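Quantities reported herein were computed from a predicted structural model and do not represent experimental measurements.
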Amino acid sequence: MISLIELTEFLGWAVVLNIALLSISSIMLVLMKNWITSIHSKMFNIPESELPAIYFKYLGDYKLLIWVFSLIPYLALKCMGQ
């Protein structure tokens, strides 16, 4: 059985890694927008004009998932351990 300390540490690292991935994705979309939209448009047969809305939804959904499944449980466990 995993202890609360181990679970707290696991969730803490999950938060760090997920936020890093979200940040890298956001930076790449800002800096390489034309190149990325061109590739995704060809790969998935989606018009390039629709991709910015899809990217925005992806980043928003991913941020929400980080909050719900990593950050909030981590903070709750930190409060319990105090």
Side-chain angles (χ1 to χ4, degrees):
M1 189 66 141
I2 190 168
S3 69
L4 287 180
I5 294 170
E6 292 171 331
L7 183 59
T8 305
E9 186 174 341
F10 171 77
L11 288 172
W13 281 110
V15 169
V16 169
L17 294 174
N18 279 311
I19 290 176
L21 183 60
L22 179 66
S23 299
I24 291 169
S25 299
S26 299
I27 290 168
M28 287 181 65
L29 283 172
V30 168
L31 297 178
M32 300 186 223
K33 181 181 178 185
N34 294 332
W35 184 67
I36 292 173
T37 54
S38 170
I39 290 174
H40 287 155
S41 176
K42 292 173 187 170
M43 281 176 59
F44 301 113
N45 199 21
I46 299 171
E48 285 190 32
S49 60
E50 293 180 18
L51 285 171
I54 294 170
Y55 295 149
F56 189 75
K57 181 171 175 16
Y58 155 73
L59 292 173
D61 289 348
Y62 189 54
K63 183 171 62 171
L64 182 64
L65 289 172
I66 292 170
W67 273 78
V68 170
F69 291 110
S70 294
L71 185 61
I72 300 300
Y74 172 75
L75 293 174
L77 287 172
K78 287 300 270 187
C79 290
M80 287 174 50
Q82 301 279 330

Q) Same cluster for F44 and M32 if Ile/Leu/Val/Met/Phe/Trp/Tyr side chains link at under 4.5 Å? A) yes
Q: Could you state whether L65 and L71 fall into the same hydrophobic cluster, counting links through intermediate Ile, Leu, Val, Met, Phe, Trp or Tyr residues with side-chain heavy atoms under 4.5 angstrom apart?
A: no
Q.
Among I72, I5, L11, exactly one meets side chain to side chain contact (heavy atoms under 4.5 Å, CB included) together with L77. Which residue is that?
A. L11
Q. For residues 4-21, which residue pairs qualify under salt bridge (charged side-chain N to carboxylate O under 4.0 Å, His left out), counting only residues two or more places apart or in two chains?
A. none
Q: Look at the side chain of S41 and the backbone N and O of I46, then say whether any donor-acceptor pair between them is shorter than 3.5 Å.
A: yes
Q. Is atom CG of L64 surrounded by more than 12 heavy atoms (other residues, nucleotides or ligands) closer than 6.0 Å?
A. yes
Q.
Using only atom types and a distance under 3.5 Å, with no angle test, would you say the side chain of T37 pairs donor to acceptor with the backbone of N34?
A. yes
Q.
Would the distance check show the side chain of S26 and the main-chain N or O of L22 forming a donor-acceptor pair, the cut-off being under 3.5 Å?
A. yes
(Q) Tell me whether L17 shares a hydrophobic cluster with I66, the cluster being built from Ile, Leu, Val, Met, Phe, Trp, Tyr side chains joined at under 4.5 Å. (A) no
Q. How about D61: does its CG atom have over 12 heavy atoms from other parts shown lying under 6.0 Å from it?
A. yes
Q) Can you find a pair of side-chain heavy atoms, one from N18 and one from F69, that are under 4.5 Å apart? A) no
Q) In terms of hydrophobic clusters joined by side-chain contacts under 4.5 Å, are V16 and Y74 together? A) no
**Q.** salt bridge (charged side-chain N to carboxylate O under 4.0 Å, His left out) pairs, two or more places apart, involving residues 34-55
**A.** none
Q) Could you state the interatomic distance from OG (S70) to CZ (F10), rounded to the nearest 0.5 Å? A) 7.5 Å
Q: Could you tell me which residues satisfy side-chain hydrogen bond (donor to acceptor under 3.5 Å, both in side chains) with Y55, sequence neighbours excluded, listed by chain and number?
A: H40
Q. For atom OH of Y58, is the number of surrounding heavy atoms from other residues, nucleotides or ligands below 6.0 Å larger than 12?
A. yes
Q: Examine L29 and L21 and state if one hydrophobic cluster contains both, with Ile, Leu, Val, Met, Phe, Trp and Tyr joined whenever side-chain heavy atoms are less than 4.5 Å apart.
A: yes
